[in-house]
2 protein chains.
Amino acid sequence: MTHMRPSATPPDDVDRGIPEATIARLPIYLRALTGLAERGMRTASSEQLAAATGVNSAKLRKDLSYLGSYGTRGVGYDVEYLRYQIAREIGVTEDWPVLIVGIGNLGQALSNYGGFSSRGFRIVALLDGDPARVGEQLGDLVISSMDDLDSIVAREAVSIAVIATPGSAAQGVVDRLVAAGVTSILNFAPSVLTVPPGVDVRKVDLSIELQILAYHEQRKAHGGTQLAVSDEVVTL
Amino acid sequence: MTHMRPSATPPDDVDRGIPEATIARLPIYLRALTGLAERGMRTASSEQLAAATGVNSAKLRKDLSYLGSYGTRGVGYDVEYLRYQIAREIGVTEDWPVLIVGIGNLGQALSNYGGFSSRGFRIVALLDGDPARVGEQLGDLVISSMDDLDSIVAREAVSIAVIATPGSAAQGVVDRLVAAGVTSILNFAPSVLTVPPGVDVRKVDLSIELQILAYHEQRKAHGGTQLAVSDEVVTL
DNA sequence: AGGAGTTTGTGAACGCGAGAACAAAATCCA
DNA sequence: TGGATTTTGTTCTCGCGTTCACAAACTCCT
């Protein structure tokens, strides 16, 4: 793909503009392929991958076609080859250094989570705003002060950070992260973050997920139209 | 809204068929309104709410219009009234009992998280498959055995559960939860879950979120088309 | 009272993503 | 070799969600 394709394709080539919805599914395919590879499967059809990922097979094929023609008609996809191509597309053939800010319950849980290294990430620093926590050992890392943020970002070439602080602290932390050069943020704090253009933020919010479940649960409960929502919820 | 609107609306009334995308935003509005109420704001325009939530104001108005006409033209929305209406629509005017399965790092972090009670949920039980953990005290709860699942679900009328087990255990746990009567599941385990119809599953996957960030980060890095992914791993 | 200013609620246009369906390409088998 | 079978890559259609834009409805001020 370094060489030009001569034909009708416009100058900006193949992998320009992969739909966001597809990108969000590539990690799912990647994980499924890793699983299949571990179980010794050498090749997989779109139907098999669909079963393993819970994604419609036509959608899956279309997703993969955005990356290029990596399948073989009549055969399927070479598991290892496709796995590598997806990893390359996502950009996780090598580990990204990640830092975590806010070492409370959640921050600790994240720092102990082992699944990162196998999925393209390596936690290089833990930061907390509470001076009393600085210096504390956690696994093989020591909690650093927020004052060391700039030097850590520079030294480790960090571009991705995770925020696990209370909501009230989040925006301040984001501002400092952005100033230090971080350009991708995964936010666990329950607050809306404002960032300059060029910085990506993704949000994970437990309460929101539960509330969405609660909405549907409520509909299941009093099955028909609304029934007697009036005074305290009846629950049945 | 208890009284009929005389005009053209079809028999199955107002809140039939709120779009899924809207439902996913209602919790965001709810949180913003709670914040505004705490700061003493009595009324808020769609522009103000848009600023507080990061949602486009037209989209926000349309979302709210699915719930009914709760605003006043020229004025805006009554903060407290709208907050209650959204809470009622979601179904969080009273707390839902929730149980957590898998008390590892993440499960513990979740059980310690204080934000639940204010957002419509109450953790009523912690379960773990490891008999050695059973009986352990955590906050004001004691870890229960999986064997007690049925009786707990029945006693506490649980319909929502959180899975924080390793991926390998998740499907087995889900099957037991469903058998016990749980119909909504929030899954933190990195695996695809199969459930019978009528059961809702939502998935939160840290690695996937990070990988989506990594994809965009990679694009930022070598701005143009691909540049030099080459060295080693040539494989192709 | 009436006009100017605000802000909601919604109709209409548009773009994106999902899924069905099928032609093209490869394998397999007689 | 050639036909049957499998499976990909892609075209087409449809529905949903986002956004614009504006009329309707309300307040405020003179």
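Atom set for the values below is all heavy atoms of this structure, side chains included, hydrogens, waters and symmetry mates excluded. Proteins come first, then strands; the chains are lettered A, B, ... in the order of their sequence lines, and each starts at number 1. For clarity, every value in this text was computed on a predicted model and none was experimentally measured.
If you take CG of B:L60 and C1' of D:dT19, they are 14 Å apart, rounded to a whole angstrom. When the C1' atom of C:dG19 is taken as reference, atom CZ of A:R25 falls 12 Å away, rounded to whole Å. Per the geometry, CD1 belonging to A:I23 stands 13 Å off C1' belonging to C:dG17, to the nearest Å. Atom CD of B:E20 and atom P of C:dA18 are 14 Å apart (whole Å). Distance A:K59 NZ to C:dA21 P: 17 Å, rounded to the nearest Å. Rounded to a whole Å, the CG atom of A:L67 is 12 Å from the P atom of D:dT10. Note: CD (A:Q85) to P (D:dG9) measures 12 Å, nearest angstrom.
For A:Y113 and B:N105, the side-chain atoms include no donor-acceptor pair closer than 3.5 Å. With hydrogens and angles left out, the side-chain atoms of B:T183 and A:E217 include a donor and acceptor closer than 3.5 Å. Side-chain polar atoms of B:S46 and B:R61 form a donor-acceptor pair below 3.5 angstrom.
DNA chain D is contacted by A:S45, A:S46 of residues 43-51 of chain A, taking any non-hydrogen atom closer than 4.0 Å.
Here the nucleotide nearest the side chain of B:S65, chosen from C:dA18, D:dG17, C:dG9, is C:dG9.
Between B:F121 and B:V92 there is a side-chain heavy-atom pair separated by less than 4.5 Å.
Applying the 4.0 Å criterion to OP1 and OP2 of D:dG17, one finds that B:Y66 has every side-chain N and O outside that range. Listed pair A:Y77 / C:dA26 fails the phosphate criterion, with no side-chain N or O lying under 4.0 Å from OP1 or OP2.
Heavy-atom minimum distance, B:V182 versus B:V199: O-CG2, 4.3 Å. Of all heavy-atom pairs spanning B:P27 and A:I212, the tightest one is CG-CG1, 4.4 Å.
Note: A:Y29 OH to A:Y77 OH = 9.5 Å, rounded to the nearest 0.5 Å.
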Verdict with reasoning, B:D200 to A:K220, per salt bridge (charged side-chain N to carboxylate O under 4.0 Å, His left out): CA-CA 10 Å; B:D200 286 332; A:K220 291 177 202 163; 3.6 Å; yes

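Between B:E89 and A:R219 there is a salt bridge, since at least one side-chain N of the basic residue sits less than 4.0 Å from a carboxylate O of the acidic one.
The residue among A:D63 and B:D63 whose nearest nucleotide of DNA chain C lies closer to the 5′ end is B:D63. Nearest-nucleotide mapping onto DNA chain D: of B:T22 and A:L64, the residue sitting toward the 5' end is A:L64.
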B/S/- contact track for nucleotides 20-30 of chain D, protein heavy atom under 4.0 Å: BB-BBBBS---

